[in-house]
There are 2 protein chains.
Amino acid sequence: MKKGKDITIYDIARELKISAATVSRGLQDHPAVNKKTKKKINDFAEEIGYRTNHFASSLRKQQTKTIGIIVHELNSNFITSVLAGIEKITAQEGYDIIITHSSESSKKEIANAKNLLYKRVDGLIVSLSADTENLDHFQPFFDKNIPVLFFDRVEQDGDKTVVVIDNVKCGYMATQHLIDQGCKRIAHVTSSLTRNVYEERFRGYKQALTDNGKTFDKSLLIVEDLDKNGGIEAANRILAMKSRPDGVFITNDFVAAFCMRTLIRNGISVPKDIAIVGFNNDAIGELIEPELTTINYPGEDMGEIAARNLINHLKGTGNLHQTNTIVVKSNLLVRQSSLRLSANGKAAKK
Amino acid sequence: MKKGKDITIYDIARELKISAATVSRGLQDHPAVNKKTKKKINDFAEEIGYRTNHFASSLRKQQTKTIGIIVHELNSNFITSVLAGIEKITAQEGYDIIITHSSESSKKEIANAKNLLYKRVDGLIVSLSADTENLDHFQPFFDKNIPVLFFDRVEQDGDKTVVVIDNVKCGYMATQHLIDQGCKRIAHVTSSLTRNVYEERFRGYKQALTDNGKTFDKSLLIVEDLDKNGGIEAANRILAMKSRPDGVFITNDFVAAFCMRTLIRNGISVPKDIAIVGFNNDAIGELIEPELTTINYPGEDMGEIAARNLINHLKGTGNLHQTNTIVVKSNLLVRQSSLRLSANGKAAKK
DNA sequence: ATGAAAGCGCTAACAG
DNA sequence: CTGTTAGCGCTTTCAT
């Protein structure tokens with residue numbers, strides 16, 4: 001073995017006194033290679049620690065067996081579940097993945113897209129950052145027929161393939177639940193309504209109000225960043241209202257946690273004075289007092305579905321371009337933060 | 001432009017009536033190229049949307065300008081801060097990164113290492129998974145002189161380059177603080193002591209006890225997984241003790257949160273009956289009641305330092321092989337969960 | 001079932 | 001300052 005140098009198929013060919021072409025075929029389990037030769041090749045390759053040079057291979061084949069992933073953020077239960085789901089499927093199918101995250105900045109998202117384009121991924125799975133306004137940075141992928149699949153945070157009225165939950169329904173469920181618990185004035189804390197998920201949840205919220213004979217009161221809509229400060233700010237705005245709400249639907253558990261904490265510190269009793277429903281079923285919801293009612297949806301399933309669809313398309317056994325919208329199930333998880341009535345409809349003792 | 005095909009330097013060369021070599025040089029800003037030619041090349045490349053084929057380049061140059069990252073888990077504040085720090089530096093220096101995570105499984109860690117080896121990363125930044133017992137899977141990197149830098153979770157008594165905090169000191173600080181708050185019996189909740197960080201914190205804990213004339217009581221050492229269940233289990237074990245501790249030093253905020261919640265639900269008052277100190281300064285610590293005293297350390301700095309050192313080594317302007325240990329500062333963040341005395345030494349009213 | 005040969009796109013030594 | 005040339009390691013016709 002030449003020291004410092006990698007082993008190539010030529011080394012194997014020379015050693016085994018066969019041609020490099022046969023080695024290449026043997027390594028790929030090509031049908032037209034003698035079983036014994038194949039075994040000899042693979043055993044020897046294993047023995048001397050051969051590893052294929054993916055650059056040479058990709059250069060030649062013009063495909064990378066790699067899927068790029070762009071997510072808006074890493075540190076949430078939901079996203080890591082999705083990643084786990086994606087990994088499960090891609091690993092099964094022999095695809096590599098490259099994970100990038102945009103920290104909720106469309107600027108970084110654009111850079112990531114460019115980077116993955118340069119890396120020549122075979123396909124892309126994307127959840128948009130909060131402030132992404134258009135899909136121009138994915139145009140090169142569309143142009144080159146590299147499939148792009150969006151999940152969760154997707155383009156409003158896009159004609160792209162997406163994996164989502166029914167956010168309208170979720171918003172409706174959350175709001176209806178608060179109404180069922182006797183709330184008369186329900187506020188909604190959310191992020192920029194240009195992002196589909198928030199717009200849709202908002203729509204569900206309004207619909208539930210309407211269906212229950214209430215009219216939407218604009219002053220009860222609070223738009224904040226989805227971070228610690230946003231939660232505190234939302235609470236402050238609620239506290240400052242002349243006519244305070246008695247229920248709040250917050251579109252993110254982390255924000256809900258900070259909002260609730262701030263309310264409680266200011267003498268509000270939850271759920272008695274104000275009932276609260278969050279969104280995402282983050283671990284944090286179980287840790288705070290009272291525990292947070294929330295919307296739960298299966299990240300891992302979404303990841304699996306996204307990866308499976310993308311790979312099927314890549315293998316030609318599915319077709320993304322017929323404008324699929326795949327909707328994953330979701331449900332309301334009732335906990336203490338919203339529970340004002342016992343099961344039989346009486347006011348809870350607590 | 002041939003449709004469907006990528007543009008190559010040959011296309012540019014032909015169009016501009018110069019050689020491909022010059023185009024290549026111009027694109028790389030090689031000094032020996034005429035300024036005007038360079039401008040012409042870059043302008044034209046930009047115009048027609050040329051993107052270099054990194055496979056061809058890597059194949060030829062035998063280097064990828066890519067750094068691999070292996071972390072034990074993604075969903076913690078600490079890790080995402082480290083990643084942000086790494087990204088800041090690598091972006092500056094024109095390196096790409098590939099992030100992989102092992103979900104605390106050494107099996108996945110080994111697979112990730114193999115994968116990054118195949119991807120031929122120029123260097124590696126690693127935080128070991130909980131159950132990693134040896135560094136055999138990094139041997140191929142060592143053999144091929146690919147630099148590997150460990151941070152946070154590193155090999156016990158290794159001779160490798162590492163970026164860490166002074167865990168012994170942190171354990172000491174936490175324990176000393178509890179003693180200062182009047183705790184007489186201090187339990188320690190941690191994970192497997194084979195992982196350096198936990199062994200070291202444990203050592204600091206014992207040292208603080210000794211220095212204060214206390215002897216270490218083995219029955220107060222609780223080893224659990226660092227997850228929700230571990231926290232609950234730890235609490236149950238504390239509750240079951242005949243002679244209960246009045247202080248607990250827990251090596252992870254998330255676990256501390258679940259442990260504390262369970263204790264409180266069982267009628268324990270925190271910090272009055274039991275004072276609690278966590279570790280990591282996760283966002284969760286601010287949200288729970290009482291707020292969690294914890295050890296804070298700068299993830300972003302660690303990431304920057306790790307990346308900076310690795311890249312310097314790669315560029316030949318630094319040398320990792322002189323067995324560096326880089327220690328990053330850390331501090332105790334006192335909050336309500338451990339505060340039994342007011343600043344003047346009297347028992348707090350609360 | 002196997003081999004010979006060309007070429008994927010880029011870079012670097014060498015020559016001029 | 002620019003061009004010629006060879007080759008990185010692999011895959012894939014085309015032949016045999």
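Owing to the predicted nature of the structure, the values given are computational and were not obtained by experimental measurement.
- Per the geometry, CZ belonging to B/Arg120 stands 14 Å off P belonging to D/dC8, to the nearest Å.
- The residue from B/Val71, B/Leu116, B/Val126 that alone fulfils the side chain to side chain contact (heavy atoms under 4.5 Å, CB included) condition with B/Thr100 is B/Leu116.
- Between B/Thr37 and the phosphate of D/dT2, there is a side-chain N or O to OP1/OP2 separation shorter than 4.0 Å.
- To the nearest angstrom, P of D/dT12 lies 6 Å from NZ of A/Lys61.
- With A/Glu104 contributing its side chain and A/Ser129 its backbone, the two residues share no donor-acceptor pair below 3.5 Å.
- Contact check, B/Gln62 against C/dT11: no side-chain N or O comes under 4.0 Å of OP1 or OP2.
- Regarding contacts with the backbone of D/dC10, every side-chain N or O of A/Ser24 stays at 4.0 angstrom or more from both OP1 and OP2.
- Using a 4.0 Å cut-off, no side-chain N or O of B/Ser19 falls inside it from OP1 or OP2 of D/dT2.
- Using bins of under 30°, 30° to 60° and over 60° for the plane-to-plane angle, the ring pair A/Phe138/A/Phe150 lands in the perpendicular bin.
- Here B/Lys107 does not pair with B/Asp131 in a salt bridge; the nearest charged N to carboxylate O distance is not below 4.0 Å.
- One atom, CG of B/Asn53, and another, C1' of D/dC10, lie 14 Å apart when rounded to the nearest Å.
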Write down the protein N/O and nucleotide N/O pairs, taken from nucleotides 13-16 of chain C, whose separation is under 3.5 Å; answer none if there are no such pairs.
from   : atom 1 : to      : atom 2 : distance (Å)
C/dA13 : N6     : B/Arg25 : NH1    : 3.4

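- Applying the ring pair (Phe, Tyr, Trp, His ring centres under 6.0 Å) test to B/His137 and every residue at least two apart in sequence or in another chain returns nothing.
- Atom CZ in A/Arg60 sits about 16 Å away from atom C1' in C/dC10, given to the nearest Å.
- Screening residues 19-35 of chain A for salt bridge (charged side-chain N to carboxylate O under 4.0 Å, His left out), with sequence neighbours left out, gives A/Asp29-A/Lys38.
- To the nearest angstrom, C1' of D/dT11 lies 16 Å from NZ of A/Lys65.
- Sequence neighbours left out, the pairs with a member in residues 62-91 of chain A that pass salt bridge (charged side-chain N to carboxylate O under 4.0 Å, His left out) are A/Glu87-B/Lys108, A/Lys88-A/Glu304.
- If you take CG of A/Asn34 and P of C/dA1, they are 7 Å apart, rounded to a whole angstrom.
- B/His30 has its NE2 atom 18 Å from the P atom of C/dC10, to the nearest Å.
- The overall bend of the helix from C/dA1-D/dT16 to C/dG16-D/dC1, read as the angle between its terminal helix axes built from five base pairs each, is 30° when rounded to 10 degrees.
- In terms of phosphate contacts, A/Tyr10 brings no side-chain nitrogen or oxygen within less than 4.0 Å of OP1 or OP2 of D/dG7.
- Partners of A/Phe55 under the ring pair (Phe, Tyr, Trp, His ring centres under 6.0 Å) rule, at least two apart in sequence or in another chain, do not exist in this structure.
- Atom NZ of B/Lys17 is separated from atom C1' of D/dC1 by 20 Å (rounded to the nearest Å).
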